[in-house]
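Accompanying notes for the structure given below.
Chain A is the first sequence line, chain B the second, and so forth, proteins listed ahead of strands; every chain is numbered from 1.
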Amino acid sequence: MTGGPVPVMQIGDTLLVSLQGDLDDTTVVRIEEHLTNEVARTGAGGMLIDVSGLSVVDSFIARVLTRMVAMVRLLGAQVAVVGIQPAVAITLVELGVPMGGLDTALNAEQGLALLARLRRADRRAG
Amino acid sequence: MPDTDDIVISDQSDLIRVRQALRAQARSAGLGLVDETKLITAGSELARNILKYATGARGRLRAEQVAAGGRRGVRATFTDEGPGIEDVGAALTDGFSTGGGLGLGLPGARRLVDELTLTSAPGSGTTVVIEKWQR
């Protein structure tokens, strides 16, 4: 997929995304739109978002990320956020951003396992 | 690396310049990674406040090295000529927002730094000074 604000890889019916660098607000919102559209377009059942390349996540970026996860869930896909830097995690908790609704894992491998678990639970519930 | 960075905050692409300046200053002052991340994040919140509330009136950041008692640190001064803050106490309280956000900006930023002072009055703009020190 070209032309988007962030490259998206597809493996099976899982989308893999890596967020990197210093994101301004417009870029964050464009990424949100792009990823939500990609889930709808591909009919993916899961999305793994790697944020290990983000050295700063402020309240706006965190809020958009949380909002995007809610949107993608409405489309019927599960999302795992992986690779939050320890310094970023400490900062977000002290800042007080509510991110408890996110499913997170330490790295991509654990994130894929988490996605599989979430989707199994989803199928049972559905 | 100069000891002082002056940055104009007039649109949201300046947020990135604010973060970069604070990162450079944090490294100059020898702050650890967690303290560097906290300082940059606090600065990002304060710069966004300026864009959100001081609409039309641009703001400014001065970031500089400070030293006291054998320790080094960074002082960042955010000023704007916006409408000012009517109730400074409320603005520093979690959950208080006049801008439709989560109300985390100022109180959240205060938790991330060692020192935050806010000076403001309706009609005369706002100055927020934050400091982060080496441990």
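- Residue R73(A) qualifies as enclosed at atom CZ: its count of foreign heavy atoms under 6.0 Å is above 12.
- The hydrophobic clustering, which links ILVMFWY residues whose side-chain heavy atoms are closer than 4.5 Å, places V82(A) and V72(A) apart.
- A salt bridge between R23(B) and D22(A) is present, with a side-chain N of the basic residue lying under 4.0 Å from a carboxylate O of the acidic one.
- Both L54(A) and L102(A) are assigned to one and the same hydrophobic cluster, defined by single-linkage of ILVMFWY side chains at heavy-atom distances under 4.5 Å.
- Each of D24(A), D58(A), L92(A), V56(A) has some count of heavy-atom pairs under 4.5 Å with chain B, and the biggest count is that of D58(A).
- One distance of note links CZ of R111(B) with OG1 of T91(A); it measures 12.0 Å at 0.5 Å rounding.
- Under the 4.5 Å side-chain heavy-atom criterion for grouping Ile, Leu, Val, Met, Phe, Trp and Tyr, L114(A) is not connected to L65(A) through any hydrophobic cluster.
- A side-chain contact (heavy atoms from CB on, under 4.5 Å) with D25(A) is found for one member of I16(B), D11(B), L15(B) and no other, namely L15(B).
- Among all heavy-atom pairs drawn from A87(A) and T37(B), the shortest one is CB-OG1, 3.4 Å.
- No more than 12 heavy atoms of other residues, nucleotides or ligands lie within 6.0 Å of CD in E81(B), so this atom counts as exposed by the packing criterion.
- In terms of non-hydrogen atom pairs under 4.5 Å with chain A, the most contact-rich of A42(B), S44(B), G32(B), S13(B) is S44(B).
- Rounding to the nearest 0.5 angstrom, the gap separating the CG atom in L33(B) from the CD atom in Q85(A) is 7.5 Å.
- Atom OG1 of T27(A) and atom CD of Q12(B) lie 7.5 Å apart (nearest 0.5 Å).
- When only modelled atom types and interatomic distance are considered, S55(A) and R19(B) share no side-chain donor-acceptor pair under 3.5 Å.
- A 4.5 Å side-chain heavy-atom check between I90(A) and K38(B) finds at least one atom pair inside the cut-off.
- A single hydrophobic cluster is not seen to contain both L106(A) and V81(A); linkage of ILVMFWY side chains at heavy-atom distances under 4.5 Å, directly or through other members, places them apart.
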(request) Could you check T41(B) against E94(A) for side chain to side chain contact (heavy atoms under 4.5 Å, CB included), going step by step and ending with a plain yes or no? (result) CA-CA 11 Å; T41(B) 308; E94(A) 279 190 33; over 6 Å; no
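- At a threshold of 4.5 Å between side-chain heavy atoms, the hydrophobic network of Ile, Leu, Val, Met, Phe, Trp and Tyr places I50(B) and L92(B) in one connected group.
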